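Just so it is clear, the model here is predicted, and its values are computed rather than measured. Numbering of ligands and ligand atoms starts at 1, following listing order. No hydrogens, no waters, no symmetry mates; every other heavy atom, side chains included, goes into these values.
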Amino acid sequence: MINLDAMLSDNAKNMKKSAIRELLKLTSRPDIISFAGGLPAPETFPVADLKEAADIVFDKHSAKALQYGTTEGDVDLKAEIIKFEARQGVTLKDENLLIVSGSQQALDMVPKLFINPGEYVIAGRPSYLGALNAIQAYQGKVLGIPFTPEMDGFDMDVLARSYSRLVQGGGKAKYIYVIPDFQNPAGLCWSLEKRKALLKFAYDHDLFILEDSPYREIRFLGEHVSSIYQLDQHGENRGIVINLKTFSKILAPGTRTGWIMASEAIINKLVVAKQAMDLCSGVFTQKWLAEYMKSGKIYEQIKQTCENYRVKRNFMVEMLEKHMPKRYDVKWTKPEGGLFLWISLPKYISTDELLLKAIEQEKVAFVAGSGFYFDEPEHNAMRINFSYSSTELIEDGVKRLARIITKEIETYEAGHRAKTLPEGM
Ligand SMILES: Cc1ncc(COP(=O)(O)O)c(C=O)c1O
């Protein structure tokens, strides 16, 4: 019998199962209220409009839609994306654009292109674990920079010091990975000032920036801030920013379609990387999305989705305020967009352990914060999603969550008191 483990490549040995994908399986259990996945609200999917667009493809473009397409992506869809981005102030040419099968594919392509074993990516602590797992799969390493709820971007002094230590120790970094708009997991946003400072840092040290923006359009409060891609474009235009976008959160993740914006030279390299992966993204889907976008309905769709999430986010915050223990060390973020908020708990609580109790005792699920660290994880936080559940389930789920957290704190503190009280008391 062949020993599978012994046969695996070094890259395969480095592949990690995504804790979130595993947890998503729980959402199908009807007795569990899951705040774990990053699922958009199904009631926002514009089914009738999408059906209409699919009918047009079958009626008018079936020969092309059912055929292989170019790796770069469907010209009609690219033309629509160029118009879409122009409305947000981004100037794009066809050669700056590559259609991918979801931005997750791009998160795998970029380290594939840049990272040799042992080389570094600079990323926030915490960061999106799908990006971290992809880096690890190419035997890359991550230089983690703290990015906590009270921050509006990296502390640039800390970044400079960590980077200089890395370089002095012989380490080589290739790019900085950031999610400046409503980051996954904590929903945090970078200020304009910090975006500019990061771009300058990248210029000064010859680093690329991988700007992952799946939630950029899902802003339901506050003011729009320029993307780092835009800042480069409207400034020195050095073409060092690779910006990822996706239809997953603005339309439907089942489309499995996203796009990469970058300099022509980088796009050409990424095209070669993609050729070996899937030849091209699904052509029917691209034509279908192009037809849908031609209708112009995407803008109203995004507006309605933002409104839906604004209501749910406000409701979840209200429920947390009402039901969670009122203590300085139990707090949560109040994001202005995106799909998630991040709850920090007292240092002595491990949400990895709490998760098992929450599922068993209260039938409520979240993602333990430790999954969002490449190494040396913090254990006392959790990510919860507000977009997927109805307000009824949000209320019930937050009550369950509050009960299990309260119980955990009380149990710890009773044990701690018993230990510190003098004997006989
Ligand atoms: C920060 C971030 N990047 C990328 C992705 C993957 O998105 P897609 O569905 O386009 O593959 C996600 C999904 O949740 C995400 O949160």
Side-chain angles (χ1 to χ4, degrees), residues 18-24 27 34-42 44-45 73 77 81 84 97-112 121 123-135 137 142 147 175-190 209-219 227-229 241-261 270 274 277-278 281-282 285-286 289 302 305 309 333 335 337-342 366-367 369 371-374 383-388:
S18 156
I20 291 190
R21 305 279 342 147
E22 289 303 296
L23 275 169
L24 266 181
T27 54
S34 177
F35 295 144
L39 303 186
T44 64
F45 301 153
L77 179 59
I81 290 173
F84 179 84
L97 202 51
L98 169 59
I99 306 293
V100 282
S101 305
S103 39
Q104 187 61 45
Q105 182 178 47
L107 288 174
D108 188 71
M109 286 159 74
V110 175
K112 184 178 191 175
V121 174
R125 283 174 55 83
S127 252
Y128 172 54
L129 93 169
L132 302 179
N133 287 351
I135 295 162
V142 172
F147 186 42
Y175 65 90
I176 309 171
Y177 171 69
V178 274
I179 315 153
D181 299 291
F182 324 116
Q183 160 247 33
N184 181 358
L188 305 177
C189 219
W190 282 57
I209 294 179
L210 177 56
E211 180 179 34
D212 189 9
S213 309
Y215 308 104
R216 180 159 174 78
E217 281 76 22
I218 308 295
R219 174 182 278 284
S227 67
I228 304 176
Y229 185 81
V241 185
I242 304 168
N243 194 186
L244 311 183
K245 291 280 195 82
T246 174
F247 285 102
S248 289
K249 315 294 156 135
I250 58 174
L251 187 61
T255 59
R256 303 309 306 126
T257 304
W259 62 98
I260 305 179
M261 298 182 279
L270 289 169
K274 183 172 160 67
M277 286 175 160
D278 62 2
S281 292
T285 308
Q286 294 185 64
L289 288 166
I302 293 173
T305 303
Y309 295 174
T333 54
L339 271 57
F340 307 108
L341 50 84
W342 180 253
F366 53 82
V367 184
F372 298 96
Y373 296 83
F374 185 81
R383 186 194 78 177
I384 58 173
N385 165 271
F386 53 80
S387 57
Y388 181 70

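- With a 4.0 Å cut-off on non-hydrogen atoms, K249 touches ligand 1 through its side chain and not its backbone.
- From the protein, the heavy atom lying nearest to atom 7 (O) of ligand 1 is S103 OG, 3.2 Å.
- Under the rule for a side chain to side chain contact (heavy atoms under 4.5 Å, CB included), the partners of T246 that lie at least two apart in sequence or sit in another chain are S103, P214, S248.
- Neither the backbone nor the side chain of Q183 comes within contact range of ligand 1; no heavy atom lies under 4.0 Å.
- Among V178, V100, D212, the residue whose heavy atom lies closest to atom 1 (C) of ligand 1 is D212.
- Judged by distance alone, the side chain of N243 and the main-chain N or O of E211 form a donor-acceptor pair under 3.5 Å.
- The protein atom (non-hydrogen) at minimum distance from atom 9 (O) of ligand 1 is S248 OG, 2.6 Å.
- Side-chain contact, D278 with Q105: a donor N or O sits under 3.5 Å from an acceptor N or O.
- Here the two rings, on F182 and W190, have centers that are 6.0 Å apart or farther.
- For the ligand labelled ligand 1, residue F247 lies outside the 4.0 Å heavy-atom shell.
- Inspection of the T257 and T285 side chains reveals no N or O donor paired with an N or O acceptor under 3.5 Å.
- At least one heavy atom of R256 sits less than 4.0 Å from an atom of ligand 1.
- Using a 4.0 Å cutoff on heavy atoms, P214 counts as a contact of ligand 1.
- Taking the six-membered ring for Trp and thresholds of 30 and 60 degrees, F372 and W342 have ring planes more than 60 degrees apart, a perpendicular arrangement.
- Distance from atom 16 (O) of ligand 1 to its nearest protein heavy atom, with residue and atom name: Y215 OH, 2.5 Å.
- For A137, the side chain to side chain contact (heavy atoms under 4.5 Å, CB included) partners at least two apart in sequence or on another chain are M15.
- L107 places a side-chain heavy atom less than 4.5 Å from the side chain of Y128.
- The residue from I179, T255, T246, L244 that puts a heavy atom closest to atom 10 (O) of ligand 1 is T246.
- For L107, every heavy-atom contact with ligand 1 shorter than 4.0 Å involves the side chain, none the backbone.
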